[in-house]
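Each remark here refers to the structure printed beneath this line.
Note on naming: letters A, B, ... go to the chains in the order of the sequence lines (proteins, then strands), and numbering restarts at 1 for each one. Excluded from the calculations below are hydrogen atoms, water molecules and symmetry mates; all remaining heavy atoms, backbone and side chain alike, are included.
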Amino acid sequence: MRVPVRREHVLFAFVGLSVAVLGHLLLALFIRQGLQPAVANVLQFAITLQISFAANYALTWHPRVSGSDVSLGTRWRRYQLARGASAVLNAVAFPFLAPAVGTATAYWGLVVACAVVNFCSDKYWSFSPRRRSTLAHPRVLLGGLATVLLVLASAIFADYFLIGVSLFMLLVSGTTVTFQLYKWWWPEHNDPHRYGDPGEPRLPGVILVPMRFEEAVAGHTLERLATLDHPGYTVVAIVDHADDPGTAAIAHAKAREHPGRILVCAYPEDTEVHNKPTALNAAMRMLEDQGVRFEWIGVADAEDLFHPGLLRMVDHRFRASGAGIVQCGVQLMNFGCAPHAVAGRGWWHAHTSAWWRAANCLEYFKWFQSRLKMQARIGVMPLGGNTVFFRRQLLEDLRERYGSYWDEDCLTEDCKIGIAASVLRYPVDVVYVDEMVTREETPESLRALVRQRVRWMQGFIQVFLTGEWLRLPTRTQRVLAVYVLGFQFFQAFVAVLAPVALLLALLHKAPEAITLLATLPLALTLLNSLLDIQLLAQFGRTFGERVRLRDYVGLVLGAWPYQLALSYAALWAMIRHLRRRTDWVKTTHQGAHLDTDRVLVTR
Amino acid sequence: MSIMLENTAEIRQRVSARHRLLGLGRAWLRLHRRSLLLLAPVLVVAGTIHAWGMATYPRWVDDPGTYLSQAWSVQYLLALSPYSYFYDHTPAGWLQIALWSVLTNGFNRHDSAIDFGNECMLIAKLVSCALIFALGRRAGLSRVGSAAGALLLALSPLALTYTRWTFLDNLVTPWLLLAFVLAYSPRRTIGAAMGAAAAFAMAALTKETALVLLPAFAYAMAQNLDRRNRPQVIVMAAFAGILLMALYPLFAIYKGELLPGQGHNSLLETAYWQLAGRQPSGSALDPGSPARSLVDSWFGLDPYLLVGGLVALPAALVARRLRPAALALVIQWLLLVRGGYVPYMHVITLLPWSALLLAGAAEQVGGTLRLAIERARGARQAAAGACAVALAVVWAPALWPMMTVREPPPLRSATAWVADNVPRDKVLVVHDAIWTDLVHYKGFSPRPIIAYKLDTDPAVVSALERIDYLVVPNWYYDSPDAARYPTLLEARKHAVVEIAFGAGDNGVRVYRVSDFWKP
């Protein structure tokens, strides 16, 4: 999320400052000539606008406009419109803002805000190299305008705004903490013997492994999956013969080595789209065709090494709990500064990325140990994408109701199927046994992490808008569904905004009671950091990893930037959704960002 | 498949929150049926004894008036005090009183603010008794033993006198007991631990002196930890308690009043004065010290409960769960012999622990007897019950006069006379206890000046132009503190008595100050 100082920033500031100075000189001149102040202002604005357009066109944005097919006239019109609008807004806002926050604060605040807005409107609209700009979508503009109005209103009615925002933030962060502590709320929830003794397995099952461009790990994974401790199960590797012959060859070799245990399923050739739900549905059709006998179906990713005893536990839990779905723990492991955490990437990379990797690992730790259990208990379940096991009956019911097993058009098919199962009132059993969790690694860069989050959040928006959750039987479930699908956007923002709210209350000299109220959300974010420290220590003990002091320091100092990154992802997901862009899978398919998007395909 | 339930309505019934709550409520009632049947008569007795005659006994003193005037100003002036708040006590106590008044229109339901304060204390007493019962149960006492503990608090003449006064300590007691009850939650959830810490913080916010019991509270919490959620419980409870308590210094910081400075009050300055600047009362072990005479006055009302509590301390050696309560009692007694300043109402902090320990010790003795005598079933309960009944018999003669005082407090009569005979625009200097009555019920404007503020509040001093009447009890002029009120004493020299109510120290004379004298 680094914003490097670029040529365009410097030039933009230079042009802006010189034009401002020029404008003041002109204004003084006009006034001395005896013009009315209002007329003088308008005149000087009209002149400086043209000068700044010329200067920005020729200097600041020269690399962006050269070779573009957008005409000068279009650019000029856009520029006049955008700058004019920001100037008018400015002039309207100042008289309202000044008494509320003080003249100096209002003036400089507006100057900075205008500079940022103008820069963005220049870059992405007026001087965009493309004809249709990234941000110029009407819905995005409308959303932006609503945000601006909201910010203005909040500055004018600062006290009420602070009360409302603080209460809302308290609600969000309070529930976040509470849900995250579900596992420890009652001592019994953390009892070492809570899952019971697995005993002899009785139910036959199938494990589906979609694989694409996984030559590095495919052989190892299939070998491990073929030798789990369970008498009756089949592994189905789903490979794309035309697209990825390498992985396909490995899968076939392994199938020959373990006849009867490993089957190979071909990814449908008649589609351009490559995604996980399509692969899973294809495997289901194959199983039906071949008449394989099974009671449950598990999903694994290509790099997942299941614990040998996992299937016994799953078998036992299906029988003991009567659940329709058994979700087992998935755990990101590489949290620390130790170089082995980022295989082969070196000391520097390990230390500069430790802060977000630790936060990312802990998210999984909290999610699978606590949140999912709480949600399973209430009956609203966005599932994890792997190490999840479905009862056959549930999948048949899904197909009967929705026409397919997994939704091939949804970005987060795992979330969608979980909600659908809840609607069908199948209970879900969440199993987190420390030694049995499926170990995974964090995305390889912060950028990849953000992209992954954008996709998940966009998927959650999709699931939310399909409205399936409205059919959940109880109100508690529906409220929780709104919370799970919708509130995660606010969660990131709350952590980012909490210090801002307190600062606003202090600067604005709000009454003490309101300032105290505005302090509480910040206190809760501090609490989150405390809990994270303690959780990281527990994580280290559980998995026998040494946690160093600098890991803790990175976790604490990185907590806020991490939320900032998540907020960025949330914002981007909303913008993408407003622009109706759901082309994650297609971009991956083009292979342009194959490396960074590997995670997107497989998770 | 048996897991599929066909009927939607049935599912709704099963999982709807309201239905579950109702079910839980019924289950709770069923589970605690016997306790409730035993507790109800105890509370009726406690309430009757407390409420019968509380308007006329004990006499009116300063602090209730102060707190009620502050509660009144919270409700009607939206300020923590009618004068500038100077961090003398943490404000949660009168915020609670004000909240009760806001919710129930409290000040307007009575003729006098003191009566409203009495009502608040009655509620606090009933809650305290119920919580003693609950704490006794959770500390391992039988139902009868726990009820005996509650009865001891309800029937002791000493407790009756001091718990009838509107003191902050009487509001601290329920919060402290609640903190210990929740600390012993059998479910040992994070929520219970957070509730316990928050209740303790509320006690400290009600009156900061409750903080001295932190070791006892932490001990109780530590006894009840479960290794399966210990780290989380510790973090969350500590956070809840510290956050709630931190609101107080944060409030001072946000007002710019934490550190001492020119022209404003300061939390730290007042705290320093309270801890180090006050006249020490001496050690209670030292005959002739003010602390000793205070203790003697308590013993004069009732020696049995206090001495009984001390005698019962060894019982805690046997009963593990009585140890934190014993520690609390020991800490509060040590404050008396330490030699520092002892507030008048310090005894309130001794009472609940003494009652609980005495009942616990009686059970222990009964238990020992049971070991000695074969087939003596119910000996523990019998011993605790006998202890309570015996003390009730001893106390009855002292209780009766406290419930049957007829004559109204002199300050009350003085208020009535002032309301009938003094024009509303006169400047009155009055005792704390009648300030709210004169302002709220009698409509004096400008608002009268509380005598104590006359020389201590810079804002009052600078605004003072004349004084027309003095309405203060006689002991005010003769107390050792009188040197702190030079203006009051000077005004009296230029005044004549209009009318007198009562006699001796507690009597009240209404003085009219000469028009020719200016302060």
- Message: Show the nearest heavy-atom pair for residues Ala92(B) and Met202(B), with the distance to one decimal.
- Response: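 Taking every non-hydrogen atom into account, CB-CE, 4.1 Å.
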
- Kindly give the heavy-atom pair with the smallest separation between Met245(B) and Ala204(B), and that separation in Å.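 Nearest heavy atoms, Met245(B) then Ala204(B): SD-CB, 3.8 Å.
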
- Query: Who wins among Glu188(A), Lys509(A), Arg475(A) for the most heavy-atom pairs under 4.5 Å with chain B?
  - Reply: Glu188(A)

- Under a 4.5 Å heavy-atom cutoff, which of Leu524(A), Leu526(A), Asp191(A) has the most pairs with chain B?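 That would be Asp191(A).
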
Please confirm whether the ring centroid of [X] lies under 6.0 Å from the ring centroid of [Y].
X         : Y         : result
Phe179(A) : Tyr483(A) : yes
Phe335(A) : Phe539(A) : yes
Tyr87(B)  : Tyr85(B)  : yes

- For Phe239(B), is it the side chain, the backbone, both or neither that has a heavy atom under 4.5 Å from a heavy atom of chain A? side chain

- Side chain from CB out, backbone as N, CA, C, O: work out which of these in Leu243(B) comes under 4.5 Å of a heavy atom of chain A, or both, or neither. side chain

- Item | Engaged part of Ile533(A) at the chain B interface, taking heavy atoms whose separation is under 4.5 Å | neither

- Query: Measuring heavy-atom distances to chain B, does Leu535(A) have an atom under 4.5 Å in its side chain, in its backbone, in both, or in neither?
  - Reply: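 Leu535(A) touches chain B through side-chain heavy atoms alone.
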
- Option in Arg228(B), Arg227(B), Arg188(B) with maximal non-hydrogen atom pairs under 4.5 Å from chain A: Arg228(B)

- Can you tell me if OH on Tyr272(B) sees more than 12 non-hydrogen neighbours from other groups inside 6.0 Å? no

